[in-house]
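Heads up: the structure comes next, in C-alpha cells.
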Amino acid sequence: MTGTIYTETVVYSPPEAFASEAPYQIAIVTLDDGGRMTSRILGERVSIDDRVELAESRDGVPFFRKIA
Amino acid sequence: MREVSVIGVGKTRFGAFPDRNLLSLAVEAGQKCLENGNIAPAQVDAFFLGNFAAPSFVGQNHLAPYVSSALGIRGVPATRVEAACASGGSAVYHAWAGVASGIYDTVLVVGVEKMTSQTTARVAEILASAGDCSGEIKAGATFPSLFAMIARRHMHQYGTTREQLAAVAVKNHANGALNPDAHMRKVVSLEQALAGKPVADPLTLYDCSLISDGAAAVVLAPTERARDLVQKPVRVCGIAQASDYLALDQKPDITSFPAVCAAARKAFAMAELTPDDIQFAEVHDCFTIAEIIALEDLGFVPRGEGGPVSASGATARDGVRPINPSGGLKAKGHPVGATGVAQVCDVVNQIRCQAGEMQLKRHSLGLTQNLGGSGGTSVVTFLGEI
C-alpha cells in the first residue's frame with residue numbers, strides 16, 4: 001500500500017501510554033487507492049508531499065515509511 | 001420562537017487550585033451568577049451543566065444534579081452536556097433552545113472542569129479521548145499533535161508562518177495580563193514565544209492553551225421578562241450549534257472547520273448580521289492556529305489571510321476588531337467545560353461596560369465561538385445590546 005503525506009508532526013509530549021516512544025512522528029497519508037489514514041512513521045522523518053509505503057501494522061495501527 | 005437574553009453572569013478565577021474541588025468551583029460560579037441576575041434558586045426552571053470529563057478527571061458522574069442540588073435548585077430537570085471543549089457552549093445552546101421554545105422561563109447554565117489534579121501526561125490522555133480513539137488516538141495522536149498537523153497543512157497551503165502563530169500567543173498574553181481572573185497574567189515577547197519548548201512540531205508550549213481549573217455560569221430568560229429583572233440584560237441575537245467528523249483523516253480539508261462555518265452561517269442568518277457588523281469576539285484559541293482558522297471560518301478575513309491579519313495588529317485590543325480581549329484560552333485558561341460559558345460571560349461583561357481594565361471602546365455587538373475537539377462540534381453565539 002502506497003500514498004503521499006498530507007500532513008505530519010513529531011510528538012514530543014505524549015500521552016502516558018506512548019511515553020517510552022517519544023519523540024515519534026505521526027502523519028495523515030493520502031492513499032493512492034483513495035481515502036486517508038492517520039499513521040505512524042518508521043525510520044526517516046517525512047514532509048508533506050513525500051511518497052510513503054506501508055511497512056507494517058501493529059494492533060491495527062499502520063506504520064508507513066518513506067520511499068527512497 | 002421567543003427572543004432570549006442573558007440576565008446574569010458569574011465566574012470563578014481560572015488557574016491551578018489544589019485546595020478547590022469541582023463542586024466548590026461550580027457552586028461559586030452558579031451563586032455569583034444567580035446573584036448577578038437577581039434570581040433565587042427556586043425561580044430556576046431547568047439546569048444545564050457543561051462538563052467534558054469529570055468522570056476521568058475527578059471520578060464523579062451524575063454531575064448535573066450533584067451541582068444543582070448544592071446550589072439549592074431541586075425538583076427541576078438537571079442535565080449534563082458533553083461536547084468535548086464545546087461542552088460549555090453546547091450547554092448554553094440547549095438552555096437557549098429551552099427558553100426560546102417556551103418550555104422554560106429561567107435557565108441556569110454552569111460550565112466547570114477540574115483538571116489540575118492529574119499529571120500532564122494523564123491530562124493529555126483524557127483530552128485525547130475527544131478524538132477518534134479507533135484511529136488517530138490509537139496511532140499516538142494527542143490534541144496538540146492534531147492541531148500541529150492542521151498548522152502544518154495551513155502553512156503549506158497558505159504560507160502561514162511560525163511568527164504569525166506566535167503573534168497570536170503574544171497578543172493573547174498581553175490581553176490576559178489585564179484580566180484579574182486569568183490563569184496566566186504574564187506578558188510574553190515574540191522571541192520567547194518562538195523559542196518555546198516543542199510540544200508537537202511546529203507548535204511549542206506557547207502555542208498551546210493552559211490546563212486549568214475553573215467554572216463559569218450564565219442565566220437566561222425571555223427578553224420580554226429580562227428588563228424587569230435586571231438593569232442590563234444582553235440579547236442573544238443569534239446562536240447555532242453544528243457538528244462534523246471527529247477524525248481529521250475523514251475531512252476533505254483540515255485547514256477549515258466545517259462545523260464552525262455551518263454554525264456561523266446559521267447564527268448570522270438568525271441575527272440578520274454579516275461578519276463586518278461584529279465589533280469584537282472571544283474565539284476558541286485552544287492552539288494559536290485555531291484562532292487563525294477561526295478568523296477565516298467566521299468570515300472576518302478571506303481564506304489564508306488569518307496569519308497575516310494576526311501579525312498585523314488588527315486583532316489586538318486597540319485594533320480594528322479585537323479578538324480575545326479576555327486573553328482567550330491561551331492566557332485566561334481553558335478549564336474545558338467552563339470555556340464556552342466563560343466566553344459568553346466575557347462578551348456580556350464587555351457589552352454591559354463592566355469589563356474593567358479589559359473594557360473595549362466599541363462593545364455593543366460581540367461574538368463567541370466555541371470548538372469541540374478538532375472540530376466535531378462548534379457553537380457560535382452573537383450577543384448585543386437590547
Side-chain angles (χ1 to χ4, degrees), chain A, chain B residues 56 118-158 160 196-205 207-208 211 245-255 287 289 374:
Chain A
M1 197 191 297
T2 53
T4 305
I5 298 295
Y6 173 68
T7 188
E8 53 75 27
T9 184
V10 175
V11 180
Y12 292 93
S13 186
E16 263 172 9
F18 293 83
S20 62
E21 298 170 57
Y24 52 88
Q25 189 170 34
I26 58 172
I28 298 177
V29 179
T30 304
L31 303 172
D32 292 346
D33 295 337
R36 291 200 184 121
M37 238 179 198
T38 306
S39 324
R40 285 283 290 276
I41 300 298
L42 278 184
E44 193 184 336
R45 297 279 195 240
V46 298
S47 305
I48 291 176
D49 290 341
D50 279 350
R51 295 283 298 152
V52 290
E53 64 185 354
L54 184 67
E56 59 184 89
S57 233
R58 293 182 207 162
D59 189 25
V61 175
F63 282 68
F64 280 75
R65 74 170 149 237
K66 193 168 174 175
I67 299 175
Chain B
S56 306
Q118 301 288 342
T119 62
T120 303
R122 177 67 185 135
V123 171
E125 206 160 66
I126 295 168
L127 291 173
S129 69
D132 183 341
C133 294
S134 64
E136 55 196 17
I137 302 307
K138 206 171 165 189
T142 55
F143 261 87
S145 67
L146 294 174
F147 279 85
M149 291 198 287
I150 291 169
R152 270 270 190 263
R153 192 67 204 176
H154 202 274
M155 290 164 127
H156 178 79
Q157 283 180 213
Y158 299 114
T160 306
K197 190 178 134 209
V199 172
D201 287 336
L203 304 184
T204 77
L205 204 54
D207 292 293
C208 306
I211 293 166
Y245 295 111
L246 266 62
L248 288 188
D249 56 24
Q250 300 286 309
K251 303 183 189 200
D253 178 1
I254 64 170
T255 63
F287 299 94
I289 184 65
S374 50

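Lettering follows sequence order; numbering is per chain, from 1.
- Across all non-hydrogen atoms, the minimal contact from Pro15(A) to Gly140(B) is CD-O, 4.5 Å.
- With rounding to the nearest 0.5 Å, the separation of OG1 in Thr7(A) from CE in Met155(B) is 10.5 Å.
- The distance from the OH atom of Tyr12(A) to the OG1 atom of Thr142(B) is 12.5 Å, given to the nearest 0.5 Å.
- Heavy atoms of Ala27(A) lying under 4.5 Å from chain B belong exclusively to its backbone.
- When all heavy atoms of Arg152(B) and Ile48(A) are compared, the closest pair comes out as O-CD1, 3.7 Å.
- Note that CG of Leu146(B) is 6.5 Å distant from CD1 of Ile26(A), once rounded to the nearest 0.5 Å.
- Heavy-atom distances place both the backbone and the side chain of Pro198(B) under 4.5 Å from chain A.
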- prompt: Where do Thr9(A) and Phe147(B) land on the side chain to side chain contact (heavy atoms under 4.5 Å, CB included) test, with the steps shown first?
  reply: CA-CA 9 Å; Thr9(A) 184; Phe147(B) 279 85; over 6 Å; no

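- Looking at Gln157(B), only its side chain comes within 4.5 Å of chain A, counting heavy atoms on both sides.
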- request: Would you please test Ile28(A) and Glu136(B) for side chain to side chain contact (heavy atoms under 4.5 Å, CB included) and show each step?
  value: CA-CA 9 Å; Ile28(A) 298 177; Glu136(B) 55 196 17; 6.0 Å; no

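- The closest donor-acceptor contact from the side chain of Tyr6(A) to the backbone of Arg153(B) lies at 3.5 Å or more, if one exists at all.
- Heavy-atom contacts from other residues, nucleotides or ligands closer than 6.0 Å to OH of Tyr158(B) number more than 12.
- The residue among Ala151(B), Pro202(B), Pro252(B) with the most heavy atom pairs within less than 4.5 Å of chain A is Pro252(B).
- Neither the backbone nor the side chain of Ser134(B) comes within contact range of chain A; no heavy atoms are under 4.5 Å apart.
- Closest of all the heavy-atom pairs between Met37(A) and Asp249(B) is C-OD2, 3.7 Å.
- Heavy atoms of Asp49(A) lying under 4.5 Å from chain B belong exclusively to its side chain.
- Between the side chain of Arg36(A) and the main chain of Lys251(B), a donor-acceptor pair closer than 3.5 Å is present.
- Scanning residues 122-132 of chain B against chain A with a 4.5 Å non-hydrogen threshold yields Arg122(B), Ala124(B), Glu125(B), sorted by number.
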